[in-house]
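Structure, as structure tokens:
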2 protein chains.
Amino acid sequence: MISLTQKAKYALKALVFLAKEYENGPVLITKVAESEGISRKFLELILLELKNNGVLQSKKGRGGGYWLARPPEDIYLGHIIRIFEGALAPLPCASKRYYRRCEECADEATCEVRAVMLEVKSATLRVLDTTSLRDTLHLGKPLALVDA
Amino acid sequence: MISLTQKAKYALKALVFLAKEYENGPVLITKVAESEGISRKFLELILLELKNNGVLQSKKGRGGGYWLARPPEDIYLGHIIRIFEGALAPLPCASKRYYRRCEECADEATCEVRAVMLEVKSATLRVLDTTSLRDTLHLGKPLALVDA
DNA sequence: CATAAATCTATAGAAATGCTAGACAAAAGG
DNA sequence: CCTTTTGTCTAGCATTTCTATAGATTTATG
């Protein structure tokens with residue numbers, strides 16, 4: 001478990017980059033790719049998927065490029081990761097949006113493993129669904145509240 | 001992300017079962033398999049791996065079977081999951097025991113994505129490294145402290 | 001029209017995952 | 001001993017997922 005795919009990682013890196021450039025209009029895919037060290041062609045797929053999910057907007061031709069569809073403070077990491085990974089819960093039976101029953105499970109309501117995974121999920125969401133792209137830009141003292 | 005493999009899930013289920021049987025001596029693999037709805041052959045691999053990692057003990061021949069090598073309160077879920085999944089952090093660059101650098105990353109120290117994933121990891125560990133097999137047996141009000 | 005840029009489709013290699021089959025080893029009972 | 005019971009180990013395979021790559025297409029600008 002508990003590993004982000006390259007795709008999701010690249011998506012996050014690209015979005016952080018675009019968040020920094022938010023005021024500057026369209027950004028070329030090539031620029032993002034070079035700055036973040038990502039294969040240009042692979043990044044295309046990723047930005048496209050983000051666009052189809054309403055996270056990015058784009059314009060073709062000269063002066064074109066990609067930009068955030070909403071301000072960085074309105075884009076949460078949980079949303080992004082769900083686009084590429086689906087559920088954030090460690091088990092489908094612990095997920096709300098992507099719920100799926102475990103075939104072998106006799107009684108979900110008393111399943112100890114599920115109970116713990118609900119806690120893990122809850123802890124994960126408490127970070128990912130409260131951290132926006134803008135929040136990630138404050139390094140130094142980032143997310144100190146989570147450890148408080 | 002953040003999805004347990006079947007193997008890890010089965011391991012946890014088997015261990016919870018063995019925790020309940022802790023006082024009763026060796027338990028047959030077949031009994032665990034049937035009770036938890038797991039393929040017997042697949043479960044063999046899993047219990048073996050747990051044994052090789054010192055979590056279980058076993059005895060061959062008549063009256064044989066598997067049992068927990070330590071009392072349920074001394075076996076933490078984080079330990080189990082690491083056996084099957086490796087790192088608990090969402091990215092290798094955020095893991096202590098399984099650290100690996102991201103090839104494309106220009107500067108890990110200022111990487112915003114890594115910073116957030118350190119938080120996610122920390123939140124995950126706070127659950128998995130403080131919950132023992134014994135803790136999982138108290139359903140009803142399980143782990144209430146985590147949400148407090 | 002020429003050029004720059006995003007868009008879309010298809011596909012393919014590599015790795016991980018989930019599982020099965022079958023031979024082997026050891027312990028206990030008779 | 002010999003048989004039965006039970007865990008141990010190795011190999012392999014089918015499927016899926018991941019990570020790209022290639023190439024053709026569409027749209028906008030000047």
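Naming: A, B, ... by sequence-line order, numbering from 1 per chain.
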Requested in this report: Tell me what B/G63 touches on the nucleic acid: a base, only sugar-phosphate, or nothing, going by heavy atoms under 4.0 Å.
Outcome: nothing
Query raised in the report: If you look at every strand shown and take non-hydrogen atoms under 4.0 Å, does A/F84 touch a base, only sugar-phosphate, or nothing?
Result: nothing
When you get a sec, tell me which of [options] is the closest nucleotide to the side chain of [X]?
X: A/Y10; options: D/dT26, C/dC19, D/dA20; result: D/dA20
X: B/R62; options: D/dT6, D/dG30, C/dG29; result: C/dG29
X: A/Q6; options: C/dA25, D/dT26, D/dA20; result: D/dA20

Sub-3.5 Å donor-acceptor pair from the side chain of [X] to the main-chain atoms of [Y], do we have one?
X: A/T130; Y: A/R126; value: yes
X: B/E85; Y: B/T5; value: yes
X: B/T131; Y: B/L128; value: no
X: A/K121; Y: A/A94; value: yes

Report summary line: Partner of B/L77 under side-chain contact (heavy atoms from CB on, under 4.5 Å), picked from B/V127, B/D135, B/L133, is B/L133
Query raised in the report: Heavy atom of residues 29-59 of chain A under 4.0 Å from DNA chain D: which residues?
Result: A/S39, A/K41, A/F42, A/L45, A/K59
Query raised in the report: Roughly how far, to the nearest 0.5 Å, is CG of A/L68 from CG of A/D74?
Result: 10.5 Å
Rounded to whole Å, please give me the gap between [atom1] in [X] and [atom2] in [N].
X: B/E104; N: D/dA20; atom1: CD; atom2: C1'; value: 14 Å
X: B/K60; N: C/dA26; atom1: NZ; atom2: P; value: 5 Å
X: B/L4; N: C/dA16; atom1: CG; atom2: P; value: 18 Å
X: B/Y66; N: C/dA27; atom1: OH; atom2: P; value: 14 Å

